[in-house]
Amino acid sequence: MIRTGFPAAGPTLGDVGEEQVIRAIVDSAPSTINGDDAAVLTPAAPNSRVVATTDMLVEGRHFLPEYTTAYLLGRKAVVQNFADIEAMGARPIAALLAISAPDSLPLAVVEQLAQGIHSKMEEYSTELVGGDVTAGDSLVVSLSAIGSLGGNLGPLELNRARPGQRVVAHGRIGYSAAGLDLLRSGSAIRPELEPLVLAHQAPELTPGRGVVARSAGATAMTDNSDGLVRDVGLIAQRSRVAVDLDGAAVAPDDLLVRAGELLGVDPWRWVLCGGEDHTLIGTIDGDPPVGFRVIGTVRKGEGVTVDGDAPAYTTGWGSF
């Protein structure tokens with residue numbers, strides 16, 4: 001069953017004050033290594049490197065309370081950050097949370113947000129180890145993720161794709177954008193289309209797939225956050241190669257087709273431009289790693305094509 005809306009009642013952040021807000025987060029997302037002023041992490045294993053990233057979710061820009069819940073928003077914040085860690089071939093090990101919010105925001109929103117973060121981080125055997133809270137005009141959730149890149153293999157950088165490689169993907173493509181359009185339509189969500197909405201509210205990523213891909217010989221990788229053509233195009237641009245996507249491999253599935261018929265939208269737009277699926281997309285010389293599928297090939301040249309032709313849609317997400 002699809003759930004939306006943030007808590008609207010109960011004590012507010014202004015009612016309880018900063019100390020109690022922090023206590024609510026710590027109680028909702030407990031950590032054994034959350035320090036007094038800063039977290040103290042266990043030293044990385046020998047021959048390993050630290051990987052760090054951060055992303056923000058801004059109310060009105062990246063999410064609307066009427067389209068999700070605070071709990072699901074917390075899970076989404078973790079996935080969008082941990083996907084960046086995984087896309088480097090690294091393993092997430094911890095995260096920090098910063099929140100800016102109006103003092104009129106119910107404390108229950110922050111509690112449920114932290115519970116969602118904690119529930120997703122438990123799937124990675126990691127912890128929320130610190131952060132900050134401050135007053136602001138709207139709710140802004142900023143999560144910073146820390147990862148560990150072990151061994152002597154290089155990170156999975158955007159500039160390491162080579163002609164002759166296969167393009168592989170782990171995860172759904174187009175589901176999040178379709179789910180957002182279903183929510184925007186204002187219509188009741190049919191039960192069979194609920195997976196699309198859930199994919200937007202809280203995208204899923206199997207822990208450890210980036211590490212698996214790197215171990216299997218992948219060289220370049222990114223996550224589908226801004227749209228398939230745009231993200232694959234960035235690999236092509238940085239690596240000075242062309243990427244030809246296999247139309248049959250990325251074609252909208254039955255669920256996307258049904259949603260497209262309902263909304264009068266070409267589902268190819270969701271697949272090619274949607275983003276926010278946080279699907280891992282990489283390049284490799286041999287067979288696809290476990291959990292990945294082949295969706296295209298790397299060739300000499302430049303740009304992105306689908307079955308050798310220009311994509312029907314090329315737009316994607318941009319911050320400005």
Side-chain angles (χ1 to χ4, degrees), residues 3-7 10 13 16 18-35 38-41 51-59 61-65 67-87 90-102 105-134 136 138-148 171 176 198-210 223 225 276-278:
R3 299 183 185 279
T4 57
F6 285 11
L13 306 191
V16 301
E18 179 181 357
E19 184 175 343
Q20 184 55 40
V21 173
I22 294 173
R23 173 51 52 192
I25 295 172
V26 172
D27 288 346
S28 298
S31 169
T32 57
I33 56 175
N34 193 329
V40 180
L41 303 180
V51 180
T53 187
T54 189
D55 261 310
M56 291 190 294
L57 288 167
V58 179
E59 183 178 358
R61 176 66 174 169
H62 302 104
F63 72 91
L64 293 172
Y67 290 167
T68 189
T69 69
Y71 179 86
L72 292 173
L73 185 66
R75 290 179 64 87
K76 183 173 187 173
V78 173
V79 169
Q80 73 173 24
N81 278 274
F82 280 10
D84 287 338
I85 297 291
E86 295 255 14
R91 177 177 63 87
I93 58 175
L96 301 163
L97 171 67
I99 295 176
S100 176
L105 188 76
L107 179 63
V109 173
V110 174
E111 290 175 328
Q112 292 177 18
L113 177 76
Q115 289 165 6
I117 290 171
H118 181 66
S119 71
K120 176 54 69 173
M121 293 191 70
E122 279 193 316
E123 297 176 16
Y124 286 85
S125 299
T126 60
E127 296 179 358
L128 185 67
V129 298
D132 189 27
V133 296
T134 187
S138 61
L139 177 59
V140 178
V141 179
S142 178
L143 201 75
S144 296
I146 302 167
S148 176
S176 178
L198 291 173
H200 171 72
Q201 293 175 322
E204 294 291 337
L205 178 65
T206 305
R209 289 303 96 186
D223 73 300
S225 56
E276 281 206 319
D277 291 301
H278 299 294

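- The two residues Leu41 and Ala94 come nearest to each other via the heavy atoms CD2-CB, 4.2 Å.
- The two residues Ser142 and Thr54 have their closest heavy-atom pair at OG-OG1, 3.6 Å.
- A donor atom on one side chain and an acceptor atom on the other are not found under 3.5 Å apart for Glu59 and Ser138.
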Please report the C-alpha distance between Ser119 and Arg75 in whole Å, then the side-chain angles of each, then the deciding distance to 0.1 Å, and finally whether the side chain to side chain contact (heavy atoms under 4.5 Å, CB included) criterion is met. CA-CA 7 Å; Ser119 71; Arg75 290 179 64 87; 2.9 Å; yes
Going through the checks in order, is the side chain to side chain contact (heavy atoms under 4.5 Å, CB included) test met by Arg3 and Thr69? CA-CA 7 Å; Arg3 299 183 185 279; Thr69 69; 3.9 Å; yes
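- Between Arg23 and Glu111 there is no salt bridge, since none of the side-chain N atoms of the basic residue sits less than 4.0 Å from a carboxylate O of the acidic one.
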Step-by-step side chain to side chain contact (heavy atoms under 4.5 Å, CB included) determination, Ser31 to Leu128: CA-CA 6 Å; Ser31 169; Leu128 185 67; 5.8 Å; no
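- No donor-acceptor distance shorter than 3.5 angstrom exists from the side chain of His118 to the backbone of Ala114, with no hydrogens or angles considered.
- Looking at Thr68, its side chain never comes within 3.5 Å of a backbone N or O of Thr4 through a donor-acceptor pair.
- Leu13 and Pro102 make their closest contact through CD1-O, 3.7 Å (heavy atoms, listed as atom of the first residue, atom of the second, distance).
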Working for side chain to side chain contact (heavy atoms under 4.5 Å, CB included), residues Val78 and Thr126: CA-CA 11 Å; Val78 173; Thr126 60; over 6 Å; no
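- Expressed to the nearest 0.5 Å, how far OH of Tyr71 lies from CD of Gln112 amounts to 10.0 Å.
- When atom types are taken as modelled, the side chain of Asp223 and the backbone of Asp84 share no donor-acceptor pair closer than 3.5 angstrom.
- One finds the OG1 atom of Thr134 at 11.0 Å from the CD1 atom of Ile99 (value rounded to the nearest 0.5 Å).
- Rounding to the nearest 0.5 Å gives a distance of 7.0 Å between CG of Leu113 and CG of Leu139.
- Here the side chain of Asn81 pairs a donor or acceptor atom with the backbone of Asp55 at under 3.5 angstrom.
- Not one N or O on the side chain of Lys120 forms a donor-acceptor pair closer than 3.5 Å with the backbone of Lys76.
- No donor-acceptor distance shorter than 3.5 angstrom exists from the side chain of Thr53 to the backbone of Ile85, with no hydrogens or angles considered.
- Here the closest non-hydrogen pair linking Val79 and Pro203 is CG2-O, 3.2 Å.
- Here the straight-line distance linking atom CG of Leu73 with atom CD1 of Ile117 works out to 8.0 Å at 0.5 Å rounding.
- With hydrogens and angles ignored, the 3.5 Å screen pairs no side-chain donor or acceptor of Glu204 with any backbone N or O of Ala199.
- The closest donor-acceptor contact from the side chain of Glu123 to the backbone of Pro207 lies at 3.5 Å or more, if one exists at all.
- Ring pair Tyr124/Phe82 is perpendicular by interplanar angle, where above 60° counts as perpendicular and below 30° as parallel.
- One distance of note links CE of Met56 with NE2 of His62; it measures 7.0 Å at 0.5 Å rounding.
- Listed here is the closest heavy atom pair of His278 and Ala83: CB-CB, 3.9 Å.
- Ser100 and Gly136 get closest at one heavy-atom pair: OG-CA, 3.4 Å.
- In this structure, Gln201 contributes its side chain and Tyr67 its backbone to a donor-acceptor pair below 3.5 Å.
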